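Data block below; observations after.
The structure displayed is predicted, hence computed values, not measured ones.
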Amino acid sequence: MTTPIIRGVNHIGITVPDIEAAKSFLVQAFGGQVIYQSFGPQDPPRQGPEFERAVGAFPGTVVRGQAMVKIGTGPDIELFEMHGPQQAQPIRASDFGITHFGVYTDDIDASVTRFEKAGGTRLTAPRAIPYATEKGLGNKVCYCRMPWGTTMEFITTPDRMPYHDQTALRRWQDED
């Protein structure tokens with residue numbers, strides 16, 4: 001038996017209240033490209049016990065759309081428009097689970113401005129990274145919220161982080 005090789009994160013799934021609005025936002029805010037839409041409002045919804053069991057959805061959940069959006073060189077964003085009973089609000093940083101995802105940018109100020117113009121909300125202004133392991137001239141971070149409540153982070157590290165020299169892993173920002 002061979003040891004499986006994990007090559008990286010393929011995609012991030014996000015449930016949204018309106019898939020058309022979410023696709024438009026990702027295109028405007030990040031320069032995203034809709035790769036495909038598996039199904040949409042014109043198709044019968046996906047629902048039922050088999051679907052609920054397969055993805056761990058709450059009983060009675062209905063999926064009305066599914067699409068994949070490419071953003072830069074990172075993992076794709078898979079959007080799901082789902083509606084159901086007992087649907088929770090978006091997760092916060094203090095909750096258990098995946099609380100946000102980060103996107104790397106060379107120009108954090110311009111990226112945050114574009115994000116806001118598309119309808120997103122920044123939680124703070126872009127600021128110096130406060131952690132000693134990530135500090136550096138020009139290294140900045142900014143947390144933001146998408147229109148449906150998902151939190152994301154913009155990060156830029158032009159001064160490289162000290163740990164980059166201590167690892168054999170190649171990062172995409174090191175490939176320039």
Side-chain angles (χ1 to χ4, degrees), residues 4-38 65-81 89-176:
I5 298 172
I6 303 299
R7 298 189 183 274
V9 176
N10 179 266
H11 67 273
I12 299 166
I14 301 175
T15 299
V16 299
D18 180 331
I19 200 161
E20 294 304 319
K23 288 188 309 184
S24 179
F25 174 77
L26 293 177
V27 168
Q28 291 175 34
F30 300 109
Q33 174 189 0
V34 178
I35 301 171
Y36 62 84
Q37 181 149 348
S38 300
Q66 180 179 2
M68 192 72 77
V69 180
K70 180 69 153 165
I71 296 177
T73 59
D76 298 333
I77 305 288
E78 185 174 25
L79 298 172
F80 294 93
E81 181 179 328
Q89 293 299 309
I91 196 165
R92 298 167 303 199
S94 56
D95 294 330
F96 293 115
I98 297 172
T99 60
H100 74 281
F101 66 93
V103 296
Y104 189 87
T105 178
D106 292 325
D107 187 337
I108 196 166
D109 295 310
S111 294
V112 170
T113 297
R114 179 181 185 174
F115 181 85
E116 288 181 297
K117 285 181 180 176
T121 304
R122 67 180 164 91
L123 301 179
T124 65
R127 59 188 170 85
I129 298 176
Y131 308 109
T133 55
E134 299 175 347
K135 282 186 179 182
L137 187 62
N139 292 359
K140 292 183 178 181
V141 65
C142 182
Y143 286 87
C144 299
R145 195 157 285 136
M146 296 184 180
W148 55 86
T150 299
T151 302
M152 56 83 47
E153 169 189 5
F154 287 102
I155 187 167
T156 188
T157 57
D159 196 30
R160 293 177 45 97
M161 293 187 207
Y163 63 80
H164 285 161
D165 296 329
Q166 300 168 6
T167 178
L169 297 175
R170 288 192 41 103
R171 304 262 312 173
W172 35 263
Q173 67 254 50
D174 294 338
E175 294 175 0
D176 293 337

Those residues at least two apart in sequence (or on a different chain) that pass side-chain contact (heavy atoms from CB on, under 4.5 Å) with T150 are I14, F101, M146, W148
Qualifying residues under ring pair (Phe, Tyr, Trp, His ring centres under 6.0 Å), relative to F80, sequence neighbours excluded | none
For F115 against T121, the heavy-atom pair lying closest together | CE2-N, 3.5 Å
Could you give all pairs that pass the side chain to side chain donor-acceptor pair (under 3.5 Å) test and reach residues 5-15, with sequence neighbours left out?
-> H11-E78
Quick one: pull up CD1 in I12 and CG in L79 and give me the separation to the nearest 0.5 Å.
-> 11.0 Å
Closest heavy-atom pair and its distance - G149, P90 = O-CB, 3.5 Å
dist H100:NE2 -> I91:CD1 (nearest 0.5 Å) comes out at 11.5 Å
Test applied, side chain to side chain contact (heavy atoms under 4.5 Å, CB included); reference residue, Y143; option that passes from I155, L123, T99 = L123
Could you list the residues that satisfy side-chain contact (heavy atoms from CB on, under 4.5 Å) with F96, not counting sequence neighbours?
-> none
Which pair of non-hydrogen atoms, one from I77 and one from I71, has the smallest distance, and what is that distance?
-> CG1-CD1, 3.7 Å
Examine distances only and state if a side-chain atom of S24 and a backbone atom of E20 form a donor-acceptor pair shorter than 3.5 Å.
-> no
Would you find more than 12 non-hydrogen atoms of other residues, nucleotides or ligands less than 6.0 Å from I98 atom CD1?
-> no
List in chain and number order the residues that pass side-chain contact (heavy atoms from CB on, under 4.5 Å) with V34, two or more places apart in sequence or in another chain; answer none if no residue qualifies.
-> K23, V27, V69
Could you pull out the closest heavy-atom pair between P126 and D109, with the gap in Å?
-> CG-OD1, 3.4 Å
Keeping the roles fixed (side chain from T157, backbone from N139), state whether a donor-acceptor pair exists under 3.5 Å.
-> no
Mutual orientation of the aromatic rings belonging to F154 and F30 [parallel < 30°, tilted 30-60°, perpendicular > 60°] = tilted
Which atom names give the shortest non-hydrogen contact between P158 and G138, and what distance separates them?
-> CD-O, 3.4 Å
Sorted by chain and number, sequence neighbours left out, side-chain contact (heavy atoms from CB on, under 4.5 Å) with T124 holds for R127, C142
Counting only N and O atoms by type, is there a donor-acceptor contact under 3.5 Å from the side chain of E81 to the main-chain atoms of G65?
-> no
